[in-house]
Amino acid sequence: MPSRSSSAVPAGCACRPKTITSAGFRRATSHPTDRPTSGCTNSKESLAGLREELAAAQQDLATLEESLETQRARDVEREALLQQLDEDNRVLRAGERWPFLIMGAAILGAGFIGGLLMRGGATRRSSSRIRF
């Protein structure tokens, strides 16, 4: 690759390629950061374009952060609602058991009372003596 001559780049330009190393030897190619991509005159134009892109990106960032905060607030509300629904569900499940327990106790009590009445209705007494 031919080395750049100093006349191709203006003398006062900050992006002038450095082709001599600190030891005094010439490099065959300059470092990529030393080479200008489109010259010093275009860098001001590209800088202005990049600043516009940066401003647009910052505006998008602000919009996205606001949207994120809104979604976080919705998530907090939904989480609170979900916890309330879980608690209500637990209460309803526990409240659902009582009618079944009361019904079972009522059936058992009715059977007990019915058994006592049937035994008392029998007038025949068994003798207490033992027969062989």
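Just so it is clear, the model here is predicted, and its values are computed rather than measured.
- In the model, D75 has no side-chain atom that pairs as donor or acceptor with a side-chain atom of Q71 under 3.5 Å.
- In terms of the side chain to side chain donor-acceptor pair (under 3.5 Å) criterion, E52 has no residue partners (sequence neighbours excluded).
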Side-chain polar contacts of residues 53-68 - donor-acceptor pairs under 3.5 angstrom, sequence neighbours left out - could you list them?
from	atom 1	to	atom 2	distance (Å)
T63	OG1	Q59	O	3.0

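- Checked against salt bridge (Lys or Arg N to Asp or Glu O under 4.0 Å), E87 has the following partners two or more places apart in sequence or in another chain: R90.
- Taking Ile, Leu, Val, Met, Phe, Trp and Tyr as hydrophobic and joining them when side-chain heavy atoms fall under 4.5 Å apart, one finds L81 in a cluster with L85.
- Every salt bridge (Lys or Arg N to Asp or Glu O under 4.0 Å) that E69 has, sequence neighbours left out, goes to R72.
- A search for salt bridge (Lys or Arg N to Asp or Glu O under 4.0 Å) contacts involving R93 returns nothing, not counting sequence neighbours.
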